[in-house]
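The block underneath contains the structure these notes are about, expressed in structure tokens.
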Amino acid sequence: MAVHNADVAAIFNRLADLLEIEEANPFRVRAYRRAAQTIEDLPESLSGMIARGEKLSTLPGIGDDLAGKIREIVESGHLKAMDEVEARTPSTLAALTSVPDLGPKRVHMLHEELGIETLEDLTEAAAAGKLKELPRFSAAMEKKVLDELRRRGETEQRFRLSTAEDFAEALCTHLRTVRGIGEVVVAGSYRRRKETVGDLDILVTAKDGARVIDHFVGYEEVDQVLSKGTTRSTVILKCGIQVDVRVVPEESYGAALHYFTGSKGHNIAVRKLGMDKGLKINEYGVFRGEKRIAGRTEEEVYRSVKLPYIEPELREDRGEIDAAFAGTLPKLVALADIRGDLHVHTRASDGKSTLREMAEAARARGYSYLGITDHSKHATVAHGLDAKRLAAELDDIDRLNDELEGITLIKSCEVDILADGKLDLPASILKRLDYTVCAVHYRFDLDRDKQTERIIRAMDNRYFTILAHPTGRLLGERPGYAVDLERVMAAAKERGCFLEINGHPARLDLDDVRARAAKEMDIRIAITTDAHSTAGLGAIRYGVDQARRGWLEADDVLNTRPWPKLKAMLAR
DNA sequence: GCCGTTTTCGGCCCGACTGTTTTCAGTCG
């Protein structure tokens with residue numbers, strides 16, 4: 001059984017949770033968490049590194065001990081140290097700390113005093129009124145725990161970025177009506193443009209914090225008020241999303257924005273740099289002793305530790321600080337760099353808009369070209385095109401291109417990769433296309449090796465150009481199919497194929513880490529929308545966000561080029 | 001458990017809010 005990075009990270013995280021419940025040395029706990037983070041962010045596989053004899057202890061936060069443990073997990077699928085801890089402290093206890101108000105200390109007590117091991121035990125004990133009897137528990141808390149456990153079944157815990165945007169924008173509009181309000185900005189993972197958002201962190205500048213908070217908790221969408229002070233408050237909206245609002249004075253705006261944008265790892269790293277210079281950095285500013293020396297803008301905060309400004313999408317503690325020092329921060333691709341979309345559908349298959357409508361919408365966005373990629377015949381539910389219907393569409397495109405000014409339609413197709421790795425249409429029609437977008441749409445259940453080989457075999461076809469949504473995941477709905485993307489990328493590189501960042505908010509596939517790995521392998525990426533209507537073209541910005549999180553520059557992205565240049569690149 | 005130009009021991013980010021509390025621990029971000 002192959003062991004993946006995510007498996008190793010999960011073991012370390014669980015071990016950290018359990019050690020914390022056992023009240024182990026908190027710094028040891030942190031070391032496991034930090035190692036798990038490093039591993040999650042690692043663009044290459046640990047098993048591959050081990051096979052190549054690379055030293056794992058060169059990775060940040062991984063010393064000789066953890067390197068040995070990683071090797072043990074990768075080689076045996078198992079960690080003895082974990083078994084030993086689990087013998088004392090059942091692994092199921094780790095899940096309990098995800099319940100609000102239950103940290104390691106209380107979970108420890110629940111285990112010791114009531115013998116609780118699982119969420120089910122916890123629900124039972126809470127329902128039986130046993131929690132409130134314990135020291136440092138109360139009836140109110142018991143009720144809160146019960147409510148939370150009930151709520152869990154009903155609402156999902158993370159929201160797609162696009163969904164979070166809907167809630168956030170409405171709430172910000174509400175906040176901006178407060179008298180005396182200054183800035184209103186959504187910070188946190190939302191500002192870092194993470195693909196899903198757990199909660200919203202809203203930063204506000206104002207002199208009168210209490211007034212802002214009163215107005216905030218009075219928002220009609222507020223379902224529960226979890227805390228309410230004069231500078232901060234936490235609520236849960238009716239849609240289930242948690243929102244934190246923080247009010248700071250204007251002179252602290254930059255420091256607070258930096259602080260609340262995170263990520264935590266990035267902040268810690270910056271704060272440490274400050275400490276080295278005898279500075280204290282918190283959400284109110286940068287201080288030397290009692291004296292505030294910076295904090296009005298984020299640029300000031302960075303400048304105080306001799307760093308250039310770092311874009312929010314890069315603030316994940318994945319090497320951006322070192323890059324900033326070295327002057328090698330990427331000049332991130334921007335929405336304005338995109339010259340055309342390469343993956344869209346029309347009514348010919350399962351889209352809602354006509355060729356002409358799509359073309360005009362693309363032109364209105366300032367694009368100079370639009371690649372038409374209706375489904376191929378295997379996608380029967382999507383009215384996929386057979387060779388004959390595709391030929392007819394290509395003729396339509398020719399005719400329309402003669403009429404259209406300022407936009408060129410490009411001939412393409414989203415070709416199904418069949419289960420055996422063949423493409424769904426014959427060469428006789430594929431050769432008429434300028435490029436193809438190839439995708440797996442069924443048989444997600446193949447095992448990892450078979451799925452990987454299926455895709456690589458498809459790439460052997462000279463008409464294969466871009467691999468669409470490489471993992472097939474749908475955020476909040478289904479995980480991707482099992483596939484060895486490292487091998488797929490290496491195969492793409494060899495054959496001159498490309499990968500996609502599909503900007504559809506449910507896909508965002510490739511993800512940030514994989515996109516960066518592709519960049520490092522010198523594989524160019526197409527940022528597309530998979531639009532099924534003219535409105536769908538707007539999703540390009542989510543794709544750009546994901547690309548920026550993957551450190552991509554304009555040159556790394558195929559469709560930042562004018563069509564003639566791009567056409568030459570796509571030819572195999 | 002990691003780390004190091006102050007390096008093999010002794011550090012390891014910091015503040016707000018809540019209520020377990022009445023002077024502070026626990027939790028969260």
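Each chain gets a letter, A, B and so on, in the order the sequences are listed, and its residues count up from 1. FYI, side chains are in, hydrogens and waters are out, and symmetry mates aren't considered; it's all heavy atoms of this structure.
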Each nucleotide in nucleotides 7-12 of chain B should get exactly one letter: B, S or -. Can you fill that in based on protein heavy atoms under 4.0 Å? -----B
B/S/- contact track for nucleotides 15-22 of chain B, protein heavy atom under 4.0 Å: BSSS-B--
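Counting non-hydrogen atoms under 4.0 angstrom, E142(A) reaches nothing in the nucleic acid. Using a 4.0 Å heavy-atom cutoff across all strands shown, K132(A) reaches no nucleic acid atom at all.
Of all heavy-atom pairs between M82(A) and I11(A), the closest is SD-O, 4.1 Å. The two atoms that bring R176(A) and V184(A) nearest to each other are NH2-O, 3.1 Å, heavy atoms only. Across all their heavy atoms, E195(A) and Q546(A) have their closest contact at OE1-NE2, 2.9 Å.
Evaluation of the side chain to side chain donor-acceptor pair (under 3.5 Å) test over residues 98-108 of chain A, restricted to residues two or more places apart or in two chains, returns S98(A)-R152(A), D101(A)-K144(A). For the ring pair (Phe, Tyr, Trp, His ring centres under 6.0 Å) condition, the pairs that include at least one residue of residues 168-190 of chain A, sequence neighbours left out, are H174(A)-H215(A), H174(A)-Y219(A).
Taking the side chain of P104(A) as heavy atoms from C-beta on, and the options dG1(B), dG29(B), dT27(B), the nearest nucleotide is dT27(B). The side chain of K105(A) approaches dT27(B) more closely than any other nucleotide in the set dT27(B), dC2(B), dG29(B).
With rounding to whole Å, M109(A) atom CE is found 11 Å from dA25(B) atom C1'. I21(A) has its CD1 atom 15 Å from the P atom of dG26(B), to the nearest Å. Between L257(A) atom CG and dG29(B) atom C1' the separation is 15 Å, expressed in whole Å. Here dT27(B) presents its P atom at 14 Å from NZ of K264(A), a figure rounded to the nearest Å. Between L110(A) atom CG and dG26(B) atom C1' the separation is 14 Å, expressed in whole Å. Atom P of nucleotide dC2(B) and atom CG of D65(A) are separated by 5 Å, given to the nearest angstrom. For the pair E23(A) CD and dA25(B) C1', the computed distance is 12 Å after rounding to whole Å. Straight-line distance from the CZ atom of F260(A) to the C1' atom of dC28(B): 11 Å, rounded to whole Å.
Comparing the C1' positions of dT7(B) and dC2(B) gives a spacing of 13 Å, expressed to the nearest Å. When the C1' atom is used for both dT27(B) and dT21(B), the distance is 14 Å, rounded to whole Å. dT23(B) and dT18(B): their C1' atoms are spaced 14 Å apart (whole Å). Remark: the separation of the C1' atoms in dT22(B) and dC28(B) is 23 Å, to the nearest Å. Nucleotides dT8(B) and dC3(B) are separated by 16 Å at their P atoms, to the nearest Å. Nucleotides dT6(B) and dG1(B) have their P atoms positioned 28 Å apart, rounded to a whole Å. Of the C1' atoms belonging to dG15(B) and dG10(B), the separation is 25 Å, rounded to the nearest Å. Going from the P atom of dA16(B) to that of dG11(B) covers 26 Å, rounded to whole Å.
Residue Q242(A) places no side-chain N or O under 4.0 Å from the OP1 or OP2 atom of dC28(B).
Ion pairing of E113(A) with R136(A) is absent here, as no side-chain N (NZ or NE/NH1/NH2) approaches a carboxylate O to less than 4.0 Å.
Residues K69(A) and I268(A) each lie close to DNA chain B; by heavy-atom proximity, the contact nearer the 5' end of the strand is made by K69(A).
The shortest distance between side-chain heavy atoms of R315(A) and V270(A) does not fall below 4.5 Å.
A side chain to side chain donor-acceptor pair (under 3.5 Å) with E316(A) holds for exactly one of R192(A), H266(A), K194(A); it is R192(A).
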Each nucleotide N or O in nucleotides 3-5 of chain B that has a protein N or O under 3.5 Å away: list the pair and distance.
residue: dC3(B); atom: OP1; partner: G61(A); partner atom: N; Å: 2.8

Under the side chain to side chain contact (heavy atoms under 4.5 Å, CB included) rule, what do L110(A) and F137(A) come out as? Steps first, then yes or no, please. CA-CA 10 Å; L110(A) 289 169; F137(A) 277 82; 3.9 Å; yes
Can K228(A) and D214(A) be said to form a salt bridge (Lys or Arg N to Asp or Glu O under 4.0 Å), step by step? CA-CA 9 Å; K228(A) 176 174 182 282; D214(A) 282 342; 3.0 Å; yes
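Without hydrogens or angle criteria, R516(A) side chain to R549(A) main chain gives no donor-acceptor distance under 3.5 Å.
Pair assignment for dC28(B): dG15(B), on the basis of Watson-Crick or G-U wobble contacts that are both within less than 3.5 Å.
Residue Q37(A) holds its CD atom at 11.5 Å from CZ of R33(A), rounded to the nearest 0.5 Å.
Qualifying ring pair (Phe, Tyr, Trp, His ring centres under 6.0 Å) partners for H469(A), counting only residues two or more places apart in sequence or in other chains: H441(A).
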